[in-house]
Structure formats: C-alpha cells, structure tokens
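Working notes, beginning with the structure itself.
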2 protein chains.
Amino acid sequence: MLYTIAEENYIKSVYHLQQQSALVATNHLAEALQTQPASVTDMVKKLMGKKLVHYERYKGVRLNAAGKKLALQIIRKHRLWEYFLVNTLEFGWDEVHEVAEQLEHVSSAKLIEQLDRFLGHPRFDPHGDPIPDKEGKLAFRQRLPLLDQPHLKWLEITAVGDESPALLEMLGHHRIQLGTRVRVLRSFSFDGSIEISVADQKPVTISNQLAKTLLVKIIDHD
Amino acid sequence: MLYTIAEENYIKSVYHLQQQSALVATNHLAEALQTQPASVTDMVKKLMGKKLVHYERYKGVRLNAAGKKLALQIIRKHRLWEYFLVNTLEFGWDEVHEVAEQLEHVSSAKLIEQLDRFLGHPRFDPHGDPIPDKEGKLAFRQRLPLLDQPHLKWLEITAVGDESPALLEMLGHHRIQLGTRVRVLRSFSFDGSIEISVADQKPVTISNQLAKTLLVKIIDHD
DNA sequence: AATAAATTTTAGATTTGTCTAAATTTTATT
DNA sequence: AATAAAATTTAGACAAATCTAAAATTTATT
Ligand SMILES: [Mn+2]
Ligand SMILES: [Mn+2]
Ligand SMILES: [Mn+2]
Ligand SMILES: [Mn+2]
C-alpha cells in the first residue's frame, strides 16, 4: 500500500506525540502539523479508513500496529537521510531537517537499504536520535538532561534536545559534540547554571538552558 | 519561485519533446505524461500564467528562457541522482530512473551542489546522457548509432538509447559498457546484423536492433 | 470547396487536502 | 446542577490536478 505525503506526515506526527500521551488530541496534531483542527479530523478519519489508527470521536487518536510500523519506516528514512547529509554531504546538523522532511517521502525499498549499507548501518542520527532498523527496532541509549546529573561522574553527550543553528554555534564554541565526555563540577543556585569540564580541559560555566538541552549517558567505569 | 511536482514534470516533458519538434503538440505531451489532452491544456495555461512557456491555442507549446532554465535544473537533479544511485549505491542502470523521478523534485540548492561535489562533478549519467552543470550547460559528446558506422574505425560507446533490464543483460553478456571500445567488421544485409570486435577480443555478431540502440563516438587517433 | 477525420479546447465533474464558520460534545467553573 | 469555556466535529467552500463528454478548430481527403 502506498501513502500520500500528507498521510505520512500525519502518521509520523501521531507517533511523536504518542511518546508524551498515549491518546493524541486533535488540537495537538493540528499544532504539530501547522494546520486546522477541522483538517485533522478529516484526515484522521481517512487514516482510520486505511486501518492505520484507532480513533474515537472527541476522544483522540493513536496508531495501531500497522500505523506504528509505517511511522518507524518513515522515521528510519528521515534519520538515515539526516545522517547521510551530515556525514557524506557535509551539512551542518542545523541544515538537515527540512531536506530530510522531503527525502523521507521518496519511496524505494532498495534505495533505503542501499543507503543504510553505504552509511554502515548507523544507529543514531546527527542529533543523537536512534535510527530504526529494517524491522523497526530502536537502539536504546540513555538520554538524561545534563542539568540533573550528579557531580564528578563522567558523562557522555548522547543527544541534543534542539537542532537550532544557535545551539550548534554554542556547542562549537565549547568544543562539544555528540560523544564528547563531560563532568559536572558545581551547580549554582543563583541562575541554575552549572560548571562542567569538557574532555578534561579547564572548567567552563554553561547556562541552565544549555544544560537542559544537552542529554547524556552515565559512563560506569572510571 | 517554487513549482509543484506536476508543473516540474510538464516542464521536463516539454523540454524533451522540444528536441524533436520546436512546437510541442498537446497530444504528444499527453502521451508522454500518461494523461489526457484536456488535462494538458489546463496545465499549459497555468504554466503560461507562470511565465514558463509560450503557448497559442491549437498551435502548441514551447519553453521560454525561464522554462528552459527550470527544465535544465530538474534534469540536472535527475541525472545527478541517477549517477549517485549507480556509482555510490550500486544500483543497476535499469533500476534508477523511477527513483530519480522522485528525487529530482526534492528542493534544496545546497543538497544538489554538495551531491555534485561529492560525486566529483560528473558530466554524464549512467545512460550516457549529459548532466547539465550549475549554469545549465551541457557537455557535448558524439552519439552516433553504432549501426551506421564505417568499418574498422575505432569507436567508443557513449550512450544507450534504452534503459531496459533486457538491454543491460545483453550488454553484460557481450561485456560492453559505456566507454568500451569497439570496431565494426562487417555488415550483413540479410537481417541487418553486424559483426563487431569488442575491446580487441574475438568478433561477435549483434542484431540490427542492438546496433541501433548503442550510440558511439568516433575515436580519431589510431 | 466541401466534407471527413484528427486534434484541441471547453464545460462540468471528481478527488485530495485544506479552510472558515457553525454546531456539537466534553471539561471546567460557578 | 447549571453555565461557561474549551475542544472537537460537521457543513460547506476552495484550489490543484485530474477526468469524461461535448464543442470548436485545424488538417486531410475527397
Ligand atoms: Mn529531523
Ligand atoms: Mn534528527
Ligand atoms: Mn532517467
Ligand atoms: Mn538517465
């Protein structure tokens, strides 16, 4: 079965909004898709007709198994293309999302499998988000806000909660990338900022806002 | 200015049909686009409204300068993607056209420039068709039917007039690729077949049909 | 030149995805 | 429990791209 770009975008949005609340509200979908609630109601009925979602009037919508599978296929394509754009075509991570929004709708099983192979079966995209494998399986990795981490423990940046050029500039300034190791040294109650050391260099202070946006995993050993 | 996929496909079709006759007939466009003449008339009027074509009722349509520029941009994308699919993702040349039909509509100047750079600015696609450069310029190369060539002259396969799996299989059998050097040894009047030698190996006979489909350039030296 | 055939255009309808405005249902507040 | 507010759905409209059938125009044939 082939789906339109609009249908695919709805399915993807439902998937993402479901992570926060099991039943997705019409208004939330409308907000996420930059469209009107009335349009959402129409489309959701069509998706129910195509057996991709469960839906009850006035209650909300959620993906069924088929919808979840489709969502993961689209997300797989989106994130593989993002990885390609950054790692092969030398895009900045703040430049890839819009292009991937288009590329994710190109329909060719062989294209995506060969792309995956060419890229070496990457498991995380440039923002640290997991790339579903062919079967839709997502690799797990901790993504804890740097802000809340205990002092002195070694941590590794695993993802960013935002893809803006402004964040990319900030991280460039601090020489932080995905994979960079950091430790929290102190927390300041005045403004919520924290002092960290980046890869054993001299300590720097980063804002509360930045510390909330950076996600880390805890490194056990050492 | 952004154009819809339908508009882009019409512009591309007009461009290709113009190579044969300066004024493109409604029925020819309808045939090429697998649609009805009435639909063509509607769209052509829209394209005239967007100042991409000249059009006179009952006469026919042709691209103006803006239309030609747009057509070459789309063809550039199509052929760069075909090159990518064959050379980077290891597609067969008979598998790329449909996928390129989708990829050519992805809109991102940076994407196509970086792709071009990554591929090393190729000047011909996997079928031997020239890839327009950023300014729309096409590299020239002879593409003469192998069938009509004088005996014993060294020739190089520059393009194929057909992209079918059947042709690809046939060429694989004869170890012929783009760039392969051949000479015509004899022509048989009975069925129009010709005897050729491929890269100095022992002579083989190929059908009239195949000899018409292979396009060559004449190698001056030797 | 008259007529037939082919081509092209127009008129009116359909599908997809969207919109606004009004009606309905649910949720929150008095 | 009644009422107000918020959320959602329905009704009716619209633009894009297509279609079929009928009308108009051009081209070919007698
Ligand atoms: Mn993205
Ligand atoms: Mn991403
Ligand atoms: Mn092609
Ligand atoms: Mn080609």
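Please read these numbers as outputs of a predicted model, since none were measured by experiment. Quick note: numbers below take in every heavy atom, side chains included, and nothing from hydrogens, waters or symmetry partners. Convention: sequence-line order gives letters A, B, ...; per-chain numbering from 1.
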> Within a reach of under 6.0 Å around CZ of Arg141(B), are more than 12 heavy atoms found that belong to other residues, nucleotides or ligands?
Replying inline: yes
> Looking only at side-chain N and O atoms, does Thr41(A) come under 4.0 Å of OP1 or OP2 in dT10(D)?
Replying inline: no
>> Check this one for me: any side-chain N or O of Tyr10(B) less than 4.0 Å away from OP1 or OP2 of dT18(D)?
In response: yes
>> Just the rounded figure in Å: distance from C1' of dA21(C) to CD of Gln36(A).
In response: 12 Å
> How close or far is atom C1' of dA16(D) from atom CG of Leu47(B), stated in whole angstroms?
Replying inline: 13 Å
> In whole angstroms, how far is the P atom of dT9(D) from the NZ atom of Lys59(A)?
Replying inline: 12 Å
> Between atom CD in Glu8(B) and atom C1' in dA16(D), what is the gap in whole Å?
Replying inline: 15 Å
> Is there a donor and acceptor pair closer than 3.5 Å between the side chain of Tyr58(B) and the base of dT7(C)?
Replying inline: no
> Does Arg57(B) make a side-chain N or O approach to OP1 or OP2 of dA24(D) shorter than 4.0 Å?
Replying inline: no
> Can you tell me if the side-chain N/O atoms of Lys45(A) get under 4.0 Å from OP1 or OP2 in dT9(D)?
Replying inline: no
>> Please report the interatomic distance CD(Gln18(B)) to NZ(Lys68(B)), rounded to the nearest 0.5 Å.
In response: 6.0 Å
> Which one, dT25(D), dT20(C), dT9(D), comes nearest to the side chain of Thr26(A)?
Replying inline: dT9(D)
> In whole Å, what is the span from the CG atom of Asn27(B) to the C1' atom of dT27(D)?
Replying inline: 13 Å
> Could you state the CE-C1' distance from Met48(A) to dT8(D), rounded to the nearest angstrom?
Replying inline: 14 Å
> Counting only side-chain N and O atoms of Ser39(B), is one of them less than 4.0 Å from OP1 or OP2 of dC19(D)?
Replying inline: yes
> Given Asn9(A) and His105(A), is the side-chain hydrogen bond (donor to acceptor under 3.5 Å, both in side chains) satisfied, shown in steps?
Replying inline: CA-CA 9 Å; Asn9(A) 283 333; His105(A) 302 294; 3.0 Å; yes
> In this structure, are over 12 heavy atoms from other groups packed under 6.0 Å from Glu169(B) atom CD?
Replying inline: no
> Can you tell me if Ser13(A) and His28(A) form a side-chain donor-acceptor pair at under 3.5 Å?
Replying inline: no
>> As a test of reading the structure: which of dT9(D), dT8(C), dT16(C) is closest to the side chain of Thr4(A), going by heavy atoms?
In response: dT16(C)
> How long is the line joining CG of Leu33(A) and P of dC19(C), in whole Å?
Replying inline: 10 Å
> Ala38(A) or Val40(B): which one's nearest nucleotide on DNA chain C is closer to the 5' end?
Replying inline: Val40(B)
> In whole Å, what is the span from the CG atom of Asp42(A) to the C1' atom of dA15(D)?
Replying inline: 16 Å
